[in-house]
Amino acid sequence: PDTITYNAAIAACERGRRWAQAAAAAAEMVQRELRPDVIVFSALVTACEKATRWAAALGALETMRRRGIRLDIVALNSSISACEKGARWSDALGLLAVARRGRLQPDTISHNAAISALAAARQ
């Protein structure tokens with residue numbers, strides 16, 4: 001399998017809320033000496049978010065950073081939404097700051113998810 005095949009598999013895991021399988025596929029890519037790209041990581045973060053696995057989503061973002069893969073709006077929004085589901089308001093706000101430092105402009109979805117994270121933490 002090549003990167004495109006793994007992208008498709010991880011996207012399918014995302015749609016099926018199979019975050020662990022998505023993470024395993026991304027790890028397998030590395031073992032096979034393929035380079036996961038921003039598409040792979042965005043799908044992985046989204047899979048984690050849909051499965052309410054905020055820590056896994058943030059872990060995937062950290063792996064992106066270590067590998068020098070530039071954050072995109074999909075990964076940003078999914079990770080902030082994952083923080084919302086975990087009532088991790090400080091992480092959500094931190095992600096907005098990280099995005100701005102990386103010259104990625106948060107959008108309405110980013111801000112709404114961060115606001116929802118603040119509201120979730122109040123409950």
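Remember, predicted model here, so these are calculated numbers, not experimental data.
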**OP:** Given side chain to side chain contact (heavy atoms under 4.5 Å, CB included), test Ile73 with Ile109 step by step and report yes or no.
**Re:** CA-CA 9 Å; Ile73 197 70; Ile109 295 169; over 6 Å; no

**OP:** Kindly indicate, with the supporting measurements, whether the criterion side chain to side chain contact (heavy atoms under 4.5 Å, CB included) is fulfilled by Asp72 and Leu104.
**Re:** CA-CA 7 Å; Asp72 73 348; Leu104 177 65; 5.6 Å; no

Original post:
Could you walk me through whether Arg67 and Phe41 pass the side chain to side chain contact (heavy atoms under 4.5 Å, CB included) check?
Top reply: CA-CA 11 Å; Arg67 291 182 161 273; Phe41 279 103; 4.0 Å; yes

**OP:** Determine, stepwise, if the pair Ile80 / Asn112 fulfils side chain to side chain contact (heavy atoms under 4.5 Å, CB included).
**Re:** CA-CA 9 Å; Ile80 293 172; Asn112 285 343; over 6 Å; no

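Remark: side-chain polar atoms of Ser78 are not paired, donor with acceptor, to backbone N or O of Ala75 under 3.5 angstrom. Using a distance-only test at 3.5 Å, with no hydrogens or angles considered, a donor-acceptor pair links the side chain of Arg70 to the main chain of Gly102. Between the side chain of Ser79 and the backbone N or O of Leu76, at least one donor-acceptor pair lies under 3.5 Å.
The two residues Glu84 and Ala120 have their closest heavy-atom pair at O-CB, 3.7 Å. Heavy atoms only, all atoms of each residue included: Ile10 and Ala43 are closest at CG2-CB, 3.6 Å.
Taking the side chain as every heavy atom from C-beta outward, Cys83 and Trp89 never approach each other to under 4.5 Å. The closest side-chain heavy-atom distance from Trp19 to Glu49 is not below 4.5 Å. The shortest side-chain heavy-atom distance between Leu96 and Arg100 falls under the 4.5 Å cut-off. Residues Thr3 and Arg35 have side chains not in contact (no heavy-atom distance under 4.5 Å, counting atoms from C-beta outward).
Atoms OG1 and CG, from Thr63 and Leu58 in turn, are 11.0 Å apart once rounded to the nearest 0.5 Å. Atom-to-atom distance recorded for Lys85:NZ and Lys50:NZ is 8.5 Å, nearest 0.5 angstrom. Asp2 contributes atom CG, which lies 8.5 Å from atom CG of Asn7 (distance to the nearest 0.5 angstrom). Interatomic distance, CE of Met29 versus CG of Leu44, reported as 11.0 Å (0.5 Å rounding). Here the straight-line distance linking atom OG1 of Thr108 with atom CD1 of Ile115 works out to 9.5 Å at 0.5 Å rounding. Between the CD atom in Glu14 and the CZ atom in Arg17 there is a gap of 10.0 Å [rounded to 0.5 Å].
One hydrophobic cluster, built from ILVMFWY side chains closer than 4.5 Å, cannot hold both Ile69 and Val30; they sit in different ones. Val38 and Val98 fall into different hydrophobic clusters, defined by Ile, Leu, Val, Met, Phe, Trp and Tyr side-chain heavy atoms under 4.5 Å apart, directly or through other members.
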